[in-house]
Amino acid sequence: MLTTLKGIVQEMNQTPELGKALFRLTSRVKQTVDVDSCSVYLADYDNQVFVLKATDGLHPDAVDQVRIGFSEGLIGLVGQREEPLNIENAHQHPRFKHYDEVKEENYNAFLGTPIIHQRKVLGVITLQQEKMRRFSEDEEAFLVTLATQLALEITNAEIRGALSLTSVDHIPHQKNVVGIAGSPGLAVGKGFSPDRTFSLKKWVMRRTHAPQNEIQAYRQGVEVTRTEVDRLSSRLDEGIPDDVKSIFQLYHHLLDANSLGREVEEKIREGWDAGSSLKLVVDNYAARFQAMDDPYMQERAIDIVDLSNRILTNILIASRGKNVVEKVPEDDSILVADEVSATMLAEFPRDKLKGIISIRGSANSHAAILARAMGVPAVMGCQSVSPGLLEDKDILLDGYSGEVIISPERNIRNEFIQLIEEEAAISQRIDEEAGKPCESQDGCRMSLFINAGLSAEIETGANHAGAGIGLFRTEIPFMLRERFPSESEQVDIYRKVLAATPELPITMRTLDVGGDKPLPYFPINEENPFLGWRGVRLTLDHPEIFLVQVRAMLRASLGMRNLQIMLPMISSVSEVQEARRLIDQAFFEISDEIRGTGHVLHRPLTGIMLEVPSVLYQLPQLAKHVDFFSVGSNDLTQYLLAVDRNNTRVASLYNSYHPAVLAALYDIVVQANTCQVPVTVCGEIAGEPGGALLLMGMGYRRLSMNAFNLRKINWLIRNVSLAECKKLLAQALTCSTHSDVFTYLNDYLETKGLGGLIRAGA
């Protein structure tokens with residue numbers, strides 16, 4: 001039976017149109033189970049009905065015509081109960097309802113099973129037979145198993161775009177889909193999907209008998225691409241900070257002969273042509289990045305693939321005379337692509353770009369960072385649609401909540417335009433007060449820091465006007481090499497960061513890799529990487545790695561006082577003691593080396609990340625060994641709730657406003673203040689309007705966030721009082737669910753006239 005089930009699902013997979021796939025499914029199931037009828041009903045939540053979508057046994061004219069209310073008949077009962085219904089004689093059941101169109105008068109036996117995906121009933125699949133009998137346990141188990149597989153296929157059909165966004169009479173139907181908020185703002189425009197003729201994904205592997213010619217073609221392709229990257233970088237708006245433009249430094253690094261180039265040319269010498277060699281190398285790098293849990297690391301795969309597709313195009317143009325004809329966008333366009341890249345965004349006509357939708361990707365992608373810097377609303381990871389379905393469609397885009405409305409109804413569109421006008425007004429007010437101190441109406445001063453680390457200089461420029469960098473991730477220089485970077489290489493990287501704002505503190509987190517974030521040259525395979533060999537656990541086991549990095553940080557800080565060192569993934573006091581011993585060793589080594597040179601080395605402050613729940617119960621002991629605490633609320637939430645936030649099946653359970661998480665955050669700041677240890681929150685909640693107010697009410701006075709949130713949070717704090725935040729917190733701590741907390745926060749902001757900051761739940 002299992003083999004048969006796999007065969008049925010495989011057949012459905014291979015049928016591109018969902019309607020045809022369901023008809024094929026009903027026929028195969030009817031034949032396999034040897035019954036008189038098999039039917040599939042899908043839920044229409046807009047109209048609160050189940051619609052007959054496919055059948056083998058009922059009258060074919062009833063398909064798409066029979067609509068059964070969610071509370072009507074046996075189909076409605078199966079949906080309500082969310083469990084199988086096995087009846088010997090359906091006509092005698094009190095919930096039986098006769099529908100003339102289906103012609104089921106002769107059927108007595110009935111077995112119905114709900115089709116459920118992530119707690120939502122998508123439909124019902126039924127078996128019927130003339131003979132009056134109860135279906136066997138094996139038949140029921142088969143149908144239940146099939147229904148679970150069918151749920152995935154219906155969901156995947158949405159992703160593949162098999163479900164049309166247009167009704168039978170060709171009148172557009174409004175459809176709402178939700179992705180990840182990538183860049184704040186609201187936008188109205190037409191979907192535009194650019195052509196990408198050449199890509200490594202579609203490249204067919206080929207051999208070559210002329211490796212030197214292929215090497216020459218590859219080098220020419222790289223040179224042309226380098227020129228393109230320079231041109232695209234210069235095309236960005238003058239208003240974008242130089243540090244954000246430095247995103248393109250990563251592209252230049254990858255174009256360097258010592259990066260991808262050496263490996264590609266080695267593959268060519270092994271007998272592959274230039275395109276195939278590039279594909280082999282890039283696929284390997286991209287797979288490594290995509291396999292990592294850290295979203296910052298995952299997003300680098302997009303950059304590598306995008307750049308390599310450009311190299312491939314230029315190789316083909318140089319060696320084979322291929323040409324590329326690109327479509328031209330119209331005014332008020334919403335850029336839509338499988339993966340919007342930084343270069344794709346840079347070459348798009350700025351005066352025609354109103355918004356961005358990326359089917360894959362996250363708020364950490366370079367495209368999202370550039371979109372925020374350019375002030376362009378963006379939604380990332382919008383996986384429930386495909387670019388083709390959005391082409392030339394009217395689109396409303398909400399970059400606060402991640403919601404996209406396709407073919408909107410007129411009244412919805414008018415309301416949305418009104419929200420855009422309100423947003424413009426509030427943005428103007430924020431801009432007017434951008435340079436003012438972050439102080440509440442009753443005198444509470446807050447320090448706002450920046451989370452950085454996408455490349456050596458991103459988000460460290462003076463244009464950001466923050467109080468410093470609260471979290472600088474040091475992993476990427478390690479990720480983009482084929483070996484551990486040397487001490488002098490690290491010194492160069494860290495010196496640029498520290499020297500960018502020498503008057504402001506820069507908190508550098510020591511290497512946080514391992515487990516779910518293995519280095520390409522230091523692979524680690526673990527069954528449970530979240531609880532595995534990572535962070536300070538790895539670097540303490542390899543003091544030679546830890547000492548080289550700390551020595552590099554100290555040498556980079558010579559003559560400056562702004563370096564602070566932070567230790568990740570701390571779970572015990574002994575880890576802090578051992579790390580501090582190594583930091584002291586590095587400090588004394590550098591001090592001896594510079595004696596008599598005139599250089600001055602200042603001892604950096606040392607702190608720890610609070611992200612493992614065990615430290616919540618050791619704060620007084622830990623306080624004796626550190627200078628500051630920093631709450632990594634993202635990982636702390638993940639560990640407290642036992643939810644992998646990158647697992648789509650449980651991601652909806654991840655929420656930093658969960659009452660347990662709020663209680664933990666409150667307890668941390670109370671203990672830290674008692675111990676007189678400064679504490680910062682550097683997770684996403686710090687950069688959200690509601691979260692910032694709650695943290696302020698708890699007693700936090702230092703928040704670190706993505707740069708694009710800084711001005712908004714600054715302005716918000718200037719328009720509230722500490723007393724109000726404390727009342728807000730007291731009420732939030734009595735809530736039973738995170739949705740209750742959200743509702744209360746949003747109502748408060750609306751009453752204050754600050755609703756523009758949290759449109760659609762942002």
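Side chain of Asp338 to main chain of Ile359: no donor-acceptor pair is present (N/O by atom type, distance under 3.5 Å, no hydrogens or angles). Without hydrogens or angle criteria, Asp512 side chain to Glu475 main chain gives no donor-acceptor distance under 3.5 Å. Without hydrogens or angle criteria, Tyr657 side chain to Gly691 main chain gives a donor-acceptor distance under 3.5 Å. Formation of a donor-acceptor pair under 3.5 Å by the Asp667 side chain with backbone atoms of Ala663 is not found in this model. With hydrogens and angles ignored, the 3.5 Å screen pairs no side-chain donor or acceptor of Arg702 with any backbone N or O of Ser630. The backbone N or O of Gly687 lies less than 3.5 Å from a partner atom in the side chain of Asn709, making a donor-acceptor pair. With hydrogens and angles disregarded, a donor-acceptor distance shorter than 3.5 Å links the side chain of Tyr654 to the backbone of Asn634.
At a threshold of 4.5 Å between non-hydrogen side-chain atoms, the residues Met553 and Leu563 count as touching. When side chains are defined from C-beta on, Asn714 counts as touching Leu448, because their heavy atoms get closer than 4.5 Å. Between Leu567 and Phe546 the shortest side-chain heavy-atom distance falls below 4.5 Å. Side-chain contact between Val497 and Phe472: present, with at least one pair of heavy atoms (C-beta onward) separated by less than 4.5 Å. The closest side-chain heavy-atom distance from Glu575 to Arg537 is below 4.5 Å. Looking at Met508 and Leu498, their side chains come closer than 4.5 Å, going by heavy atoms from C-beta outward. Counting only heavy atoms from C-beta outward, the side chains of Leu665 and Ile685 approach each other to under 4.5 Å. Contact annotation: the side chain of Tyr494 never approaches that of Ile506 to less than 4.5 Å [non-hydrogen atoms, C-beta and beyond].
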* Could you walk me through whether Thr637 and His658 pass the side chain to side chain contact (heavy atoms under 4.5 Å, CB included) check? -> CA-CA 8 Å; Thr637 299; His658 188 290; 5.9 Å; no

* To do: Kindly determine whether Gln577 and Lys624 satisfy side chain to side chain contact (heavy atoms under 4.5 Å, CB included), including the steps that lead there.
  => CA-CA 10 Å; Gln577 292 173 323; Lys624 300 174 184 177; over 6 Å; no

* To do: Please assess Phe628 against Val679 for the test side chain to side chain contact (heavy atoms under 4.5 Å, CB included), listing each intermediate value before the final yes or no.
  => CA-CA 6 Å; Phe628 63 90; Val679 59; over 6 Å; no

* Determine, step by step, whether Trp272 and Leu280 satisfy the side chain to side chain contact (heavy atoms under 4.5 Å, CB included) criterion, reporting the C-alpha distance in whole Å, the side-chain angles of both residues, the deciding distance to 0.1 Å, and the verdict. => CA-CA 9 Å; Trp272 296 104; Leu280 287 168; 3.7 Å; yes

* Run the numbers on Ser614 and Gln618 for side chain to side chain donor-acceptor pair (under 3.5 Å), then give the verdict. => CA-CA 7 Å; Ser614 62; Gln618 294 185 295; 4.6 Å; no

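Across Met705 and Leu710, no two heavy atoms sit closer than the pair SD-CA, 3.8 Å. Closest heavy-atom contact between Gly182 and Met380: CA-CG, 3.8 Å. Summarising the geometry of Cys682 relative to Gly632, their closest heavy-atom pair is SG-CA, 4.2 Å, with the distance given to 0.1 Å. A pairwise comparison of heavy atoms in Met609 and Pro568 identifies CG-CA, 3.9 Å as the closest pair. In this structure, Ala378 and Ala371 approach most closely via the heavy-atom pair CB-CB, 4.1 Å. Considering all non-hydrogen atoms of both residues, Ile311 and Thr225 come closest at CA-OG1, 3.5 Å.
Expressed to the nearest 0.5 Å, how far CZ of Phe449 lies from CG of Leu504 amounts to 8.5 Å. Between the CG atom of Leu601 and the CD1 atom of Ile594 there is a distance of 5.0 Å, given to the nearest 0.5 Å. With rounding to the nearest 0.5 angstrom, the CZ atom of Phe484 is 3.5 Å from the CD1 atom of Ile545. The CG atom of Leu538 sits 11.5 Å away from the CE atom of Met569 when rounded to the nearest 0.5 Å. Expressed to the nearest 0.5 Å, how far CD1 of Ile583 lies from CD1 of Ile565 amounts to 5.0 Å. The line from CG of Leu694 to OH of Tyr700 is 11.5 Å long, rounded to the nearest 0.5 Å.
Under the side chain to side chain donor-acceptor pair (under 3.5 Å) criterion, Arg581 pairs with Glu578, not counting sequence neighbours.
Pairs passing the salt bridge (Lys or Arg N to Asp or Glu O under 4.0 Å) check and including a residue from residues 541-555, sequence neighbours excluded, read Glu487-Arg551, Glu487-Arg555, Arg551-Glu589, Arg551-Glu593. Applying the side-chain hydrogen bond (donor to acceptor under 3.5 Å, both in side chains) test to residues at least two apart or on different chains, the pairs with a partner in residues 594-604 are Arg561-His602, Asp584-Arg603, Asp592-Arg595.
Donor-acceptor pairing under 3.5 Å is recorded for the side chains of Gln549 and Thr474.
By the 4.0 Å N-to-carboxylate-O rule, Glu265 lies close enough to Arg269 to be salt-bridged with it.
Checking Leu616, Val612, Leu610 one by one against Leu636, the side-chain contact (heavy atoms from CB on, under 4.5 Å) holds for a single residue, Leu616.
Atom OH of Tyr666 has 12 or fewer heavy atoms from other residues, nucleotides or ligands within 6.0 Å.
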